Amino acid sequence: AGLRRVESRTCDTTTSQAYIQRVNMSDNSHEIIQLSNYPSSIRTLHPCDDGGYLLAGRANPNYPNSPQWLEMYAVKLNSQFDVEWERIYDDLGYYYDNYLTDIRPAPDGSGYYLLGTIKWGGSMFESGDILLMKINNAGEPVEQYPFSISGMDQTLSFCLTPENNLLIS
C-alpha cells in the first residue's frame, strides 16, 4: 500500500531511463525499479484487475545508432512489481517517433486499448496520426485503428462512455 510514481532518470547526457518508484507512505521507505534496458519514458500507468500495473510510453531500441527513432512501448508488472512482459511495438509499419499516451482495459476483459501518436516520414515536422491499438493480455497487438483528423494529430487521453464508445482527446 502506498503511493506509486513513475519517473525518468537521466542515464547519460542525451537520454532518459524509465523507472517506477514505489513509496510506502506508512514508513517513508521507497524502492526504485528499472523498467527497460533502453532509453525510454513512461507517459501513463493503469492498475489492472489482477493487482498488477500496465505502463506505456516510448523507448528507443536503436540507441545510439538512431537517437531520434522512438517506438511505442508497454510493460506489464505483477502485483509485486516484477515484469510479466515488455513490448516494443517497432514492427507495425509506422516509421518515426511513435509513442503511447494512455491505456484503458477492454470492457470484456480480453486485453487493453492503447492510445498514441504515430508519425510517418523522416522529420519531426511531418504529418502524424492517432493510433488506437488493442492488445491481448500478453501485450500482443490484436487490432490497430490509425486515423487522422487533420495535419499533425497528437492525442493525450481517452475514456470509455457508458455506451462502450471511446471518447478521445
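We use all heavy atoms of the structure for the numbers below, so side chains are in, but hydrogens, waters and symmetry mates are not. FYI, the numbering just counts along the sequence from 1. Everything quoted here is computed from the prediction, not taken from an experiment.
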- CD-OH distance between E86 and Y73, expressed to the nearest 0.5 angstrom: 3.5 Å
- Query: Does atom CG of D49 have more than 12 heavy-atom neighbours from other groups under 6.0 Å away?
  - Reply: no
- To the nearest 0.5 Å, how far apart are CD1 in I168 and OG in S157? 9.5 Å
- Message: Tell me whether V142 shares a hydrophobic cluster with L114, the cluster being built from Ile, Leu, Val, Met, Phe, Trp, Tyr side chains joined at under 4.5 Å.
- Response: no
- Message: So, using side chain to side chain donor-acceptor pair (under 3.5 Å) as the criterion, who are the partners of N136 when residues are at least two apart?
- Response: E140
- Message: Rounded to the nearest 0.5 Å, what separates atom CD1 in I33 from atom CZ in R22?
- Response: 7.0 Å
- Any side-chain heavy atom of L132 sitting closer than 4.5 Å to one from Y113? yes
- Show the numbers, then the answer: is there a side-chain contact (heavy atoms from CB on, under 4.5 Å) between V83 and V75? CA-CA 7 Å; V83 173; V75 59; 3.9 Å; yes
- Message: Run the side-chain contact (heavy atoms from CB on, under 4.5 Å) test on L54 and Y112 for me, step by step, so that the C-alpha distance in whole Å, both residues' side-chain angles and the decisive distance to 0.1 Å come before the verdict.
- Response: CA-CA 9 Å; L54 184 60; Y112 300 89; 3.5 Å; yes
- Say you draw a straight line from CG of D50 to CG of N78; how long is it, rounded to the nearest 0.5 Å? 8.0 Å
- On a heavy-atom basis, the closest approach of F158 and I103 is CE2-N, 3.9 Å
- Message: Using the side chain to side chain donor-acceptor pair (under 3.5 Å) criterion, which residues pair with N37? Sequence neighbours excluded.
- Response: Q34
- Message: Less than 4.0 angstrom from a charged side-chain N to a carboxylate O is my criterion; do K76 and D82 meet it?
- Response: no
- Task: Using salt bridge (charged side-chain N to carboxylate O under 4.0 Å, His left out) as the criterion, list what pairs up with R87, not counting sequence neighbours.
- Result: none
- Query: Is the backbone N or O of Y38 less than 3.5 Å from a side-chain atom of S40, with the two atoms forming a donor-acceptor pair by type?
  - Reply: yes
- Qualifying residues under salt bridge (charged side-chain N to carboxylate O under 4.0 Å, His left out), relative to D102, sequence neighbours excluded: R104
- Evaluate the side-chain hydrogen bond (donor to acceptor under 3.5 Å, both in side chains) criterion for residues Y99 and E71: first the C-alpha distance (whole Å), next the side-chain angles of each, then the deciding distance (0.1 Å), finally the verdict. CA-CA 6 Å; Y99 54 91; E71 299 292 353; over 6 Å; no
- Note on the structure: Taking every heavy atom of P61 against every heavy atom of D90, the minimum-distance pair comes out as CG-OD2, 4.2 Å
- Separation of T117 OG1 from N98 CG (nearest 0.5 Å): 9.0 Å
- Message: Determine whether a donor-acceptor pair (N or O, by modelled atom type, separation under 3.5 Å) exists between the side chain of W85 and the backbone of A74.
- Response: no
- Task: Walk me through it: do T44 and I42 pass the test side-chain contact (heavy atoms from CB on, under 4.5 Å)?
- Result: CA-CA 6 Å; T44 187; I42 298 297; 5.9 Å; no
- A59 to I88 - nearest heavy-atom pair and separation: CB-CD1, 4.1 Å
- Message: Looking at N28, I want to see if its CG is surrounded by more than 12 non-hydrogen atoms of other residues, nucleotides or ligands under 6.0 Å.
- Response: no
- For D91, check side chain to side chain donor-acceptor pair (under 3.5 Å) against everything at least two apart and list the hits. none
- Task: Would you give the length of the straight line joining atom CG of N60 to atom CZ of R58, rounded to the nearest 0.5 angstrom?
- Result: 9.5 Å
- Can you list the residues that meet the side chain to side chain donor-acceptor pair (under 3.5 Å) rule with Q80, with sequence neighbours excluded? none
- Taking I118 as the fixed residue, which of L131, I130, L92 is the one that meets the side chain to side chain contact (heavy atoms under 4.5 Å, CB included) rule? L131
- Message: For the aromatic rings, using the six-membered ring if either is Trp, is the centroid distance between F81 and Y53 under 6.0 Å?
- Response: yes
